[in-house]
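Side chains included, hydrogens not; waters and symmetry mates left out as well; all remaining heavy atoms used. First the proteins, then the strands, lettered A, B, ... as listed; each starts at 1.
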2 protein chains.
Amino acid sequence: MNARDTIDCCDYIHTHEDIVEAVRQKMPDEDTLYDLTELFRIFGDSTRIRILYVLFEAEMCVCDIASLLGMTQSAISHQLRALKNARLVKGRREGKTVFYALADDHVKTIIDQGLNHIAE
Amino acid sequence: MNARDTIDCCDYIHTHEDIVEAVRQKMPDEDTLYDLTELFRIFGDSTRIRILYVLFEAEMCVCDIASLLGMTQSAISHQLRALKNARLVKGRREGKTVFYALADDHVKTIIDQGLNHIAE
DNA sequence: CTAATATATGAATGATTGTTCATATGTTCA
DNA sequence: TGAACATATGAACAATCATTCATATATTAG
C-alpha cells in the first residue's frame, strides 16, 4: 500500500469523512507534538524516573544521587542535564556542590497519572 | 569514582542520612519502576502520540490511521501493537476491519498533564 | 598558586528501537 | 475453493540513546 494515497486505502474512510476532517483540525501543531513527545521520552527511562523519585523526597547533590542509585557520577550528571533541559529539575550551586530539586509539581502529577494507569 | 561506595562519595551524605534512608524506603519496587518507565516510553514517540490524538476523536481502522498520518499500514500496525500491549488502546474486529479505540480515559489525562507542563 | 573535591562534558560504544519489506493470517464474497 | 482485501508479523537496517572513560571546568582550602 502507498501511504500517500490519502483516500483510497480501504472502504471505511469515505463513510467517515467528517471525522477525518475533525481529526485533521484537532491535531496539535508540529511544535507541540514534538515537545510533548520529547517530554514523555524523558520520563521513559528508568534511571531518570529513579532520579525523580529520589528528588520527591528532598533536594540532593549529584554524588548522593549516584550513590543512592548505585551508578556513576557521570551517568547521573548526563541524565540530570536531560531532566534539566526538559525543565523537570533545577540545579542550585552551593560551593562545590550542586543541589538538584524538582522544578515544579507537574512532575509528581504526571508520574501519579502513570501509576494510576498501571495500577488500574 | 566508584558507584559502589555508597557512603563516601562526598561530604554531604553523612549530614542527611535520615533523608537517604527515607528515599531508600520510598523507592517503588522494581516491577512498578519497570512498568512506569515502559508506559512513558510508549508515550515518548511522535507516531504513537499522533495515533492517540487520532483516537481522541473516534475509533478508527488501521488503514484510516495510516492514511491520516501519511504512513504505511505496517508501521501503524506495529505501533498499535505497542499501544495495545501497554493497554492504551484496544482493538475490535468487524469483518476484515479492526477498529482501534482508546482503552480508557487515563490516556487523555496523562497527555493533558504533559501539555500542562510544556505550556507552563 | 596548588591540591583536592564536585560536577560537567565530548567521544566512543553497545544496546535499543522505528520503519521498511516481504509475507503470513484472517475474513468476505463470488 | 479461490481471489481480494485488511491486518499482523518476523527479519533487517538505520538511527537514536544510555553508559563509560577520559578529561575539563569550577570551587574551596591550605
Is NZ or CZ of B:K84 both nearer than 6.0 Å to the six-membered ring centre of B:Y100 and within 45° of the ring axis? no
Without decimals, in angstroms, what is the distance between A:I42 CD1 and D:dA18 C1'? 12 Å
Mind calculating the distance between CZ (A:R92) and C1' (D:dT27) to the nearest angstrom? 15 Å
How long is the line joining CG of A:L83 and C1' of C:dT9, in whole Å? 16 Å
Would you say a side-chain N or O of A:T47 is under 4.0 Å from OP1 or OP2 of D:dT19? yes
Quick one: which of C:dG18, D:dA8, C:dA6 gets closest to the side chain of A:K96? C:dA6
NZ of A:K84 versus P of C:dT9: gap in Å, rounded? 8 Å
Residue-phosphate contact under 4.0 Å: B:Q73 side-chain N/O, D:dA6 OP1/OP2: no
Whether B:R81 contacts D:dT9 is assessed here as follows: a side-chain N or O lying under 4.0 Å from the phosphate OP1 or OP2. Is that the case? yes
Work out which heavy atom in A:M27 is nearest to a heavy atom in B:Y53; give both atom names and the distance. SD-CB, 3.6 Å
Could you tell me how far apart B:R48 (CZ) and C:dT17 (C1') are, to the nearest whole angstrom? 8 Å
Which residue, A:R41 or A:S74, contacts DNA chain D at a nucleotide closer to its 5' end, judged by nearest heavy atom? A:R41
Any side-chain heavy-atom pair from B:H117 and A:T109 closer than 4.5 angstrom? no
Can you check whether A:Y100 has a side-chain N or O nearer than 4.0 Å to OP1 or OP2 of C:dA6? no
Rounded distance in Å - NZ (B:K90) to P (D:dT7): 18 Å
Given atom CG of A:N85 and atom C1' of C:dT9, what is their separation to the nearest angstrom? 13 Å
Please state how far atom CD1 in B:I65 lies from atom P in D:dT7, giving the value in whole angstrom units. 9 Å
On DNA chain D, nearest-nucleotide positions of A:R93 versus A:S46: which is more 5'? A:S46
Hey, is the side chain of A:T72 poking within less than 4.0 Å of OP1 or OP2 on D:dT20, counting only N and O atoms? yes
Can you check whether A:H78 stacks with the D:dT19 base, using ring centres under 5.5 Å and planes within 30°? no
Do you know which two heavy atoms are closest between B:L88 and B:V107, and how far apart they sit? O-CG2, 3.7 Å
Indicate whether any N or O donor in one side chain lies under 3.5 Å from an N or O acceptor in the other, for A:R50 and A:S46. yes
